[in-house]
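Accompanying notes for the structure given below.
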Amino acid sequence: MIDPKLLRQSTADVAANLARRGYTFDAAAYLSLEERRKALQMDTEHLQGQRNKSAKSVGKAKAQGEDIQPLLLAIKDLGDQLAASESALQEVQSQLKDIELDLPNLLDASVPDGRDESDNAEVRQWGTPIELPFDARDHIELGENLGMIDFEAASKISGSRFTVMSGPLARLQRALIQLMLDTHTDKHGYEEKYVPYLVHASALVGTGNLPKFEKDLFRTSGETPYYLIPTAEVPVTNLAQDAIFEVGELPKHFVAHTPCFRSEAGSYGQDTKGMIRQHQFEKVELVHFVAADESMAALETLTGHAEAILQKLELPYRVVALCAGDVGFGAAKTYDIEVWLPGQQKYREISSCSNYNDFQARRMKARRRNPDSGKPELIHTLNGSGVAAGRALIAIMENYQNEDGSIRIPIALQPYMGGAESISA
RNA sequence: GGAGAGGUGGCAGAGCGGUUGAAUGCACUGGUCUUGAAAACCAGCAAGGGUUAAUAGCCCUUCGUGGGUUCAAAUCCCACCCUCUCCGCCA
């Protein structure tokens with residue numbers, strides 16, 4: 001959520017910033033609503049004050065045994081007026097809230113202009129795309145030839161966009177997760193978290209997934225539904241919900257491995273084959289809670305931690321700064337890390353690292369105690385994949401493939417694979 | 001699933017329907033005292049919102065959540081949520 005104060009005081013600036021995303025903000029409609037809110041709120045609070053005063057004087061009079069009737073008569077209409085005023089205010093406030101929850105975050109000034117993916121700016125490249133001396137197979141062909149990926153079995157059980165993996169390949173994914181968790185906890189100083197995979201709607205409102213992106217989520221039936229998490233970002237970031245971190249408690253660095261569930265509604269034509277885009281996938285997620293003035297530096301650090309995984313795996317990648325039109329709803333700035341996939345002859349996203357500044361913190365009331373003023377203030381939240389395990393698995397298969405269809409195991413993963421050096425049929 | 005108990009400020013824990021945003025204790029902050037510390041004593045100490053140039057004043061809201069009764073609700077009524085204990089079941 002954007003600071004409501006900023007929104008009403010600098011409406012034009014906010015609108016201009018959002019316009020960079022291609023988002024049109026109806027400032028006039030907002031301002032007229034805001035004007036009504038102000039009038040109604042002042043009225044209502046005035047009436048509430050009157051009620052409080054009169055109730056107290058009634059109490060006092062009664063205590064002294066005086067006649068109460070004249071007092072009651074004097075405020076005969078107050079109750080009705082107050083009720084009317086309160087409900088009108090409530091209505092306007094909920095309309096404003098709807099608008100505010102629907103607004104994307106303000107972009108950081110360093111975000112490059114642009115409309116879509118094609119305008120993203122490459123920041124750096126690591127490694128060089130591998131030239132295989134034979135025609136590269138994609139992970140689908142490789143996996144099926146090995147007999148270790150079975151999309152048909154998955155579709156019997158659950159339909160499209162699911163995968164069954166077997167034997168060494170299933171283990172390789174587990175090894176990847178293990179390596180990532182170990183690296184982030186041992187080398188990068190993160191605290192590991194195990195968190196719920198089912199969450200309340202309120203948690204998703206906190207991170208910005210709701211109310212706007214309901215269709216992307218899986219929801220359980222029942223009176224109070226649960227949602228399956230689309231990313232560990234949701235439960236982990238919500239650890240700060242309603243919290244006030246005392247001086248010295250920040251920064252916090254958390255890492256969690258979870259499955260992620262996405263309905264992928266609206267992505268019907270894309271990546272329909274293979275494991276790139278699934279309803280369920282494994283991911284290791286990094287989350288930072290930091291003071292406001294530290295978040296931009298933290299974004300660089302966090303991105304570096306994600307990159308370190310790909311470097312350990314010796315997978316060529318590049319880092320791109322998402323352009324204004326491509327930055328996600330709640331983010332102020334995002335770096336995507338894209339890994340080279342020989343099977344597609346393309347860089348594909350394997351991690352997305354974002355600074356949300358106070359956008360999520362405001363929604364979930366995540367604060368810290370300012371050491372100077374002693375007053376609570378919103379923290380900044382960041383998160384990034386470190387990295388997506390399913391896609392990392394694909395990258396290893398395609399980059400480490402041999403002509404005979406076997407797959408070499410990166411040195412960093414061999415200890416997690418019982419010392420094995422390759423996977424073959 | 002059955003039976004019971006309970007949800008109040010950072011924690012513990014009071015609270016006859018009426019100057020209660022809330023006693024008291026602990027913790028915390030500042031001060032006095034002390035060579036220093038402890039102890040003792042004094043003072044301060046919730047969050048959110050509105051108004052405003054203001055982190056100054058003033059005002060409003062908040063005692064699990066949502067409704068209701070009332071001039072007035074932490075206190076009464078209803079529903080829901082959550083926690084704890086015992087029994088049953090279960091990985």
Side-chain angles (χ1 to χ4, degrees), chain A residues 1-11 13 30-31 33-101 194 196-206 220 222-227 235 238-250 291-293 358 360-379:
Chain A
M1 222 164 87
I2 296 175
D3 183 0
K5 243 179 188 167
L6 183 73
L7 186 58
R8 76 176 76 112
Q9 286 172 359
S10 313
T11 313
D13 293 344
Y30 163 79
L31 283 172
L33 200 58
E34 167 54 24
E35 208 175 316
R36 283 192 61 205
R37 185 232 102 220
K38 184 166 171 172
L40 277 171
Q41 182 160 352
M42 289 175 76
D43 276 3
T44 304
E45 290 184 357
H46 179 68
L47 290 170
Q48 285 171 331
Q50 280 194 300
R51 177 204 54 197
N52 294 344
K53 280 200 196 85
S54 66
K56 273 179 189 167
S57 53
V58 170
K60 230 187 276 181
K62 206 174 177 185
Q64 293 170 3
E66 293 170 15
D67 184 16
I68 292 172
Q69 285 313 312
L71 283 171
L72 295 188
L73 208 67
I75 53 163
K76 189 163 61 77
D77 299 330
L78 189 62
D80 289 342
Q81 278 180 46
L82 182 56
S85 187
E86 274 177 340
S87 79
L89 175 63
Q90 207 172 26
E91 171 60 25
V92 169
Q93 275 179 330
S94 96
Q95 284 178 35
L96 278 170
K97 184 90 176 178
D98 288 348
I99 291 175
E100 287 164 5
L101 286 175
Y194 171 81
Y197 303 160
L198 292 167
V199 297
H200 284 138
S202 57
L204 289 149
V205 172
T220 64
E223 283 177 59
T224 46
Y226 290 106
Y227 291 84
N238 271 284
L239 291 171
Q241 187 187 110
D242 222 23
I244 301 179
F245 294 101
E246 294 303 329
V247 176
E249 285 189 293
L250 294 184
D293 56 353
D358 62 12
Q360 294 178 323
R362 181 169 292 107
R363 285 169 167 246
M364 59 190 181
K365 301 183 179 66
R367 294 150 295 172
R368 68 152 191 157
R369 182 99 34 210
N370 181 299
D372 299 321
S373 68
K375 295 291 175 194
E377 65 181 16
L378 294 172
I379 62 166

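Bear in mind that the values here come from a model prediction, so they are computed numbers and not experimental data. Per chain, numbering begins at 1; letters A, B, ... match sequence-line order.
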Mark yes or no for whether [X], through its side chain, and [Y], through its backbone, hold a donor-acceptor pair below 3.5 Å.
X        : Y        : answer
A:Asn238 : A:Ala203 : yes
A:Arg368 : A:Ile379 : no
A:Arg363 : A:Leu101 : yes
A:Ser85  : A:Gln81  : no

Taking the [atom1] atom in each of [N] and [M], what is the distance between them to the nearest angstrom?
N     : M     : atom1 : value
B:U69 : B:U55 : P     : 38 Å
B:G13 : B:A56 : P     : 35 Å
B:C63 : B:A37 : C1'   : 40 Å
B:C28 : B:U85 : P     : 30 Å
B:G7  : B:A12 : C1'   : 15 Å
B:C77 : B:A23 : C1'   : 27 Å
B:A74 : B:A14 : C1'   : 12 Å
B:G4  : B:G10 : P     : 33 Å

- Item | Atom pair distance, as rounded to whole Å: OH in A:Tyr226 and P in B:C81 | 10 Å
Output a table of nitrogen or oxygen pairs between the protein and nucleotides 43-45 of chain B separated by less than 3.5 Å.
none

Could you pull out the protein-nucleic contacts involving nucleotides 61-71 of chain B (nitrogen or oxygen on both sides, under 3.5 Å)?
{"from": "B:U61", "atom 1": "OP1", "to": "A:Arg51", "atom 2": "NH2", "distance (Å)": "2.5"}
{"from": "B:U61", "atom 1": "OP2", "to": "A:Asn52", "atom 2": "ND2", "distance (Å)": "3.2"}

- Task: Tell me yes or no: between the side chains of A:Gln90 and A:Glu86, is some donor less than 3.5 Å from an acceptor?
- Result: no
- Query: Between A:Arg37 and A:Glu34, is there a side-chain N and carboxylate O pair less than 4.0 Å apart?
  - Reply: yes
Could you write out each protein N or O paired with an N or O of nucleotides 47-54 of chain B at a distance under 3.5 Å?
{"from": "B:A47", "atom 1": "OP1", "to": "A:Arg369", "atom 2": "NH1", "distance (Å)": "3.0"}
{"from": "B:A47", "atom 1": "O3'", "to": "A:Arg367", "atom 2": "NH1", "distance (Å)": "2.9"}
{"from": "B:G48", "atom 1": "OP1", "to": "A:Arg367", "atom 2": "NH1", "distance (Å)": "3.3"}
{"from": "B:G49", "atom 1": "O2'", "to": "A:Gln41", "atom 2": "NE2", "distance (Å)": "3.4"}
{"from": "B:G49", "atom 1": "N2", "to": "A:Glu45", "atom 2": "OE1", "distance (Å)": "3.4"}
{"from": "B:G50", "atom 1": "OP1", "to": "A:Arg8", "atom 2": "NH1", "distance (Å)": "3.1"}
{"from": "B:G50", "atom 1": "OP1", "to": "A:Arg8", "atom 2": "NH2", "distance (Å)": "2.8"}
{"from": "B:G50", "atom 1": "O4'", "to": "A:Gln41", "atom 2": "NE2", "distance (Å)": "3.0"}
{"from": "B:G50", "atom 1": "O3'", "to": "A:Arg37", "atom 2": "NH2", "distance (Å)": "2.6"}
{"from": "B:U51", "atom 1": "OP1", "to": "A:Arg37", "atom 2": "NH2", "distance (Å)": "3.2"}
{"from": "B:U51", "atom 1": "OP2", "to": "A:Arg8", "atom 2": "NH1", "distance (Å)": "3.3"}
{"from": "B:U52", "atom 1": "OP1", "to": "A:Lys38", "atom 2": "NZ", "distance (Å)": "3.4"}
{"from": "B:U52", "atom 1": "OP2", "to": "A:Lys38", "atom 2": "NZ", "distance (Å)": "3.3"}
{"from": "B:U52", "atom 1": "O4", "to": "A:Lys5", "atom 2": "NZ", "distance (Å)": "3.2"}

- Paired nucleotide for B:A46 [Watson-Crick or G-U wobble; both distances under 3.5 Å]: B:U62
